[in-house]
Amino acid sequence: MSAQLMAAAAARFADWRGAAPAGTVFAPGRVNLIGEHVDYNDGLVLPMPIAAGTAIAWAPRSDGRVHVLAADFGETDEFALAAPDRPATPAWPSYVRGMAASLIAVLPGLAGADIVITGNLPQGAGVSSSASLCVAVGRALLAASDAALPAVQLAQAAQRAEHDYAGVACGIMDQMAVAAGLPGHAMLLDCRSLTFSQHPLPPDWRVMLIDSGIRRGLVDGEYNLRRAQCEAAAKAIGVSTLRDAVSAQLAAVTQNSAEYRRAAHVVAEIARVQAAAAALDRGDLPAMAAILRAGHASLRDLFDVSLPAIDRLVDQVDAQLGSAGAARLTGAGFGGSIVAVMPRGHETQLADTICQPMVTLW
Ligand code: GLA
């Protein structure tokens, strides 16, 4: 899929510039198996890259400028690499310019480039289209200057781009999964140390992505609010982040307040990630299914990022799979996609009963 997308980007580049690009790059999207809203609490997460993503065709420029064609929108942008202005309204140029600004802060010698972007990740569907875009832009700008950056630094630059240019105080999970994920592997990432290990998915498991069709709207404020509530809970407990909290300490937070419920989710979710990685390593699907079910309930009841329509979809999939597998909301929430894990062979029956679009990830 990435080869096709890169070929499409190259063809659009040739149309636009009248010459073939110097090269193409790709960055995938990601799905998170478990570990939701814990990355900005320094916790552990278990995402995996997916086949869909963002492709960019590039050629170097010698005038220090970046000319961009967003092929899927038929829109262009142009800016000086040394000082990309922050667009007033967040839209795709915010990510491109934000990534350029983050990179130039680390590598001031970068030259300009012509870039053509195309992708096949739905936006607001919980599969990290923005992190994929930022990492792809980073790869293209680096390639155009014959420069390189380790994956962790590339991910950190992409995260800064979102913070500074899109106004979302996101964690680092998406960028790390996109920059360093391995196809067919779940990545157990420690969001504090940024160390990770890759865990192959068992051959007899199936991982399906089911799109609820509900697009996340203007909820960046809700996301930033969740983050602030977690930070307030950590402060009440007296730890620097909730990663360092244990459930006995939750008593320090006002019982049943939003802060309490957010913290209760985070503490239990980090433990679930550890248990899920162990279940994956032993190929224990019933254990994994139980963890996913508990994870969804916690997002619904404690973190308040699910929606009734998403809960119904998860319930429908769970009912279909019985104890053999399970589904949960993946990504930031407020719409988007659910991820379902099941034994190989169950997906056909599932596709017969669930009407939403489904993609086999593994
Ligand atoms: C979004 C953010 C991530 C993470 C998830 C929730 O995808 O970009 O950093 O917080 O939400 O787990």
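In listed order, ligands and their atoms are each counted from 1. Values below: every heavy atom of this structure, side chains too, minus hydrogens, waters and symmetry copies. Position 1 is the first residue of the sequence; numbering continues from there.
At a threshold of 4.0 Å, the pair Glu269-Arg272 counts as salt-bridged, since one of the basic side-chain nitrogens sits closer than that to a carboxylate oxygen. A salt bridge is defined here as a Lys NZ or Arg NE, NH1 or NH2 lying under 4.0 Å from an Asp or Glu carboxylate O, and Asp63 with Arg61 meets this definition. Salt bridge annotation for Asp164-Arg86: absent, with no cationic side-chain nitrogen under 4.0 angstrom from a carboxylate oxygen.
The distance from ligand 1 to the heavy atoms of Asp174 drops below 4.0 Å at these ligand atoms: 1 (C), 2 (C), 3 (C), 7 (O), 8 (O). Those atoms of ligand 1 that come under 4.0 Å of a heavy atom in Gly171, given as number and element, are 9 (O). Atoms of ligand 1 lying under 4.0 Å from any heavy atom of Tyr40, numbered from 1 in the order shown and given with element: 10 (O).
Neither side chain, Ser337 nor Thr330, offers a donor N or O lying under 3.5 Å from an acceptor on the other.
When only non-hydrogen protein atoms are considered, atom 9 (O) of ligand 1 lies nearest to Asp39 OD2, 2.5 Å. Closest to atom 10 (O) of ligand 1 among all protein heavy atoms lies Tyr223 OH, 2.6 Å. Nearest to atom 5 (C) of ligand 1 among the protein's heavy atoms is Met173 CE, 3.8 Å.
At a 4.0 Å heavy-atom cut-off, ligand 1 touches Arg30 through the side chain alone.
Inter-residue side-chain proximity for Met99 and Val135 is flagged as unmet; no heavy-atom pair is nearer than 4.5 Å.
For ligand 1, the polar-atom distance check against His37 finds a nitrogen or oxygen pair separated by under 3.5 Å.
Proximity of the aromatic rings of His67 and Phe79 is defined here by a centroid distance below 6.0 angstrom, and this criterion is not met.
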